[in-house]
Amino acid sequence: MTQQIELSGVNKYYGAYHALKDIELSIPKGAFVALVGPSGCGKSTLLRSLAGLETISSGDLMIAGERMNDVPPRRRDLAMVFQSYALYPHMTVEQNLTYSLKIRGVKKAEAKKAAADVAAITGLSDLLHRYPRELSGGQRQRVAMSRAIIRHPKAFLFDEPLSNLDAALRVHMRKEIRALHDRLGATSVYVTHDQVEAMTMADHVVIMRSGVIEQQGPPLELYDRPANRFVAGFIGSPAMNFIPAKSGRDGKSLVLDLPGSQVLDLDLGLPPGHAVLVGIRPEHLAIAAQDMPGFEVPIATIESTGATTFVTTATAPEIVLVLNSRSTLAAGAMIRLTFAPENVHLFDAKTEKRLATKP
Amino acid sequence: MRRIFASVRDGRGFDIMLVGVPFTFLFALAGLPLIYNILMSFQEVDMFSLGSFIRPFVGFDNYVALFKQPETIPILTNTVVFVVGSIAGQFLLGFGLALFFWTNFPGASWLRGLFLVSWVMPGLVVGAIWNWILSGDFGVLNFFLRESGLIDGNIFWRSDPDFSLWAVVIANIWLGTSFNMILLSVGLSAIPGDLYEAAEMDGANAWQRFWTITLPMMRSTIGAIISLGLIFTLQQFDLFAAITDGGPNNSSNVAQYWAWDLSFRQYDFGRGATISVIMTVFVMFAAAVYVRSTRHEVRG
């Protein structure tokens, strides 16, 4: 498959601050890639470096097979949708859409037709002669998208495009952007801090922290096999539970660092006394009958949204579990928690890297 | 009584008071003199009738007589040249400087602040300094022009009728440039940076970004600065008093200076008032443009 965007060994410094560290990233043609991570992780810097709005300090940046390190943004043929939308306030919607065509010297009639075509796709046909200040947030968002679409660029760059919309519209636009991407057969790079957006929209998710790519891959792979504790905690909501533990004397069990030194029978082939973190997602925990294997914990709080019930335990660290049913449990009661062994993620307590569980 | 008091404290009376106080102030200190000025332009006023309101009404005689004077047209022409020359110079230099400081090199905001020194100086002081700079025999401007080979002999800026008006224009440009620069800098910094990034992604080069983003986004600021410039230039008096005194032979005389000269040196108050009325019409026009352009501000 041809690579539309390829980054190898990319570094970016702001003075002494190392903003991007040895970024390796290949984006095939037609892919939808999400860059996700907490604020300050470098995801926006990476996107702006792709756009050319920031220059990279070292490494290679290839777009459609051409080295673009020192090419100014206007020659990169990429379209960007800004978080603020950055619509030209002194131009009508139509003028906003045709701006890039006008700059390129496309004839007026042709540009108008292109604007009408794009507006028909994005549902802006009735708004072409309005000014941005006369539009709602969602409509402005569509204008920003249309302005990108009309150019048929080599790739679309999205910089948190939905963060200024309300929750319901955000969910709606999420689907719309993905549908548009598929319809246009475009290549998209999408920056967000919202892991749900990344998981639901992208084919390939890149998780970043402090300028480093922590893990990248298909969304479900990140969910199923997080490479380290950070990724495990970042993907999934509510976040994964981490329980400190030590491998037992025989190496075939784990002693949980919870009241009562509860023991789990798990053969991990670890040397005795090795400190680990046991990661279990809240949705993978279940309440077991008294005689079943598991471990006992007291309940601290119970919150119900109707469809699901969140149970938080009175342990340190606290453990959260999600039940897809109503519960008659009360705070203070003891419950026995259980889980399927294949749903356990083990991380080294020191390096926080994933430990290979023995098959 | 109590009802009136309550109304003033909290109600329609309060609203009326809020409008009434500034209105009274404006009417007493700006409105009345303006009306009195217009009234005088239709009366025959001399030293002896100065103390009374009731004076012989002469209709448009003052206006007719004024335009029969041979110096009227040259002086009005001078006024136009002075206004257009000053505004053009102040605006172009101010915009150039604003764009220069906008690049935000280290120390830019400091230097920009220092530029305001010219604006805080009293016009008479500026005039005195420019008298030395423009001086024909030992002036530093002549020195530079001569040394750079632009002129052969000295130009007597203040006493040569071909240059006297321009001497004041140069001083006035120097005086007003920094004010233009500051207002235009504010306008420039109000343009969101991501518009330029979006335009850059859309393929526009620096020149195209200037014409399609900067200038249209500055429309209201430019409209405001030019109308304010018109008002300030028509007010400029100190520099004429300090540099040329309107001379030689009215070659650097302008309407505002002439109005003062007629009223307070020749004691022809009627004609002085007539010129003021003509100028008021122009300033009102500028004020209307100013109000319009600030109302048309583009917001994102």
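Within every chain, numbering begins at 1; the chains are lettered A, B, ... in the order of the sequence lines, protein sequences first and strands thereafter. Note that this is a predicted model, so its numbers are computed, not measured.
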> Between L101(A) and chain B, which part of the residue has a heavy atom less than 4.5 Å away: side chain, backbone, both or neither?
Replying inline: neither
> Between M201(B) and R151(A), what is the shortest heavy-atom contact and its length?
Replying inline: O-NH1, 2.8 Å
> What parts of residues 108-123 of chain A touch chain B if we use heavy atoms and a cut-off under 4.5 Å?
Replying inline: none
>> So if I take each residue of residues 176-186 of chain A and look for any heavy atom under 4.5 Å from a heavy atom in chain B, which residues do I end up with?
In response: none
> Would you call R104(A) and D202(B) a salt bridge, taking side-chain N to carboxylate O under 4.0 Å as the test?
Replying inline: no
>> A quick test of your reading: do over 12 heavy atoms of other residues, nucleotides or ligands sit less than 6.0 Å from CZ of F282(B)?
In response: no
> Roughly how far apart are T212(B) OG1 and Y88(A) OH, rounded to 0.5 Å?
Replying inline: 7.5 Å
> Would you say W119(B) has more than 12 foreign heavy atoms packed within less than 6.0 Å of its CH2?
Replying inline: no
>> Using heavy-atom distances under 4.5 Å, tell me whether F82(A) contacts chain B through its side chain, its backbone, both, or neither.
In response: side chain
> Does a sphere of radius 6.0 Å around CZ in F23(B) hold more than 12 heavy atoms from other residues, nucleotides or ligands, not counting ones at 6.0 Å or beyond?
Replying inline: no
> Above 12 or not: heavy atoms from other molecules or residues under 6.0 Å from CD of E66(A)?
Replying inline: no
> More than 12 heavy atoms of other residues, nucleotides or ligands under 6.0 Å from NZ of K102(A): is that the case?
Replying inline: no
>> Quick check: closest heavy atoms across L195(B) and L87(A), and the distance to 0.1 Å?
In response: CD2-O, 3.1 Å
> Does I213(B) reach the side chain of Y99(A), with side-chain heavy atoms less than 4.5 Å apart?
Replying inline: yes
>> Are there residues of residues 72-79 of chain A whose heavy atoms fall under 4.5 Å of chain B's heavy atoms? If so, which?
In response: P73(A), R74(A), L78(A), A79(A)
> In Å and rounded to the nearest 0.5 Å, what is the CZ to CD1 distance from R209(B) to I103(A)?
Replying inline: 9.5 Å
> Is D166(A) atom CG crowded by more than 12 heavy atoms from other residues, nucleotides or ligands, each under 6.0 Å away?
Replying inline: yes
> For L215(B), does its backbone N or O pair with a side-chain atom of H90(A) as donor and acceptor, under 3.5 Å?
Replying inline: no
> E197(B): what forms a salt bridge (charged side-chain N to carboxylate O under 4.0 Å, His left out) with it, not counting sequence neighbours?
Replying inline: R48(A)
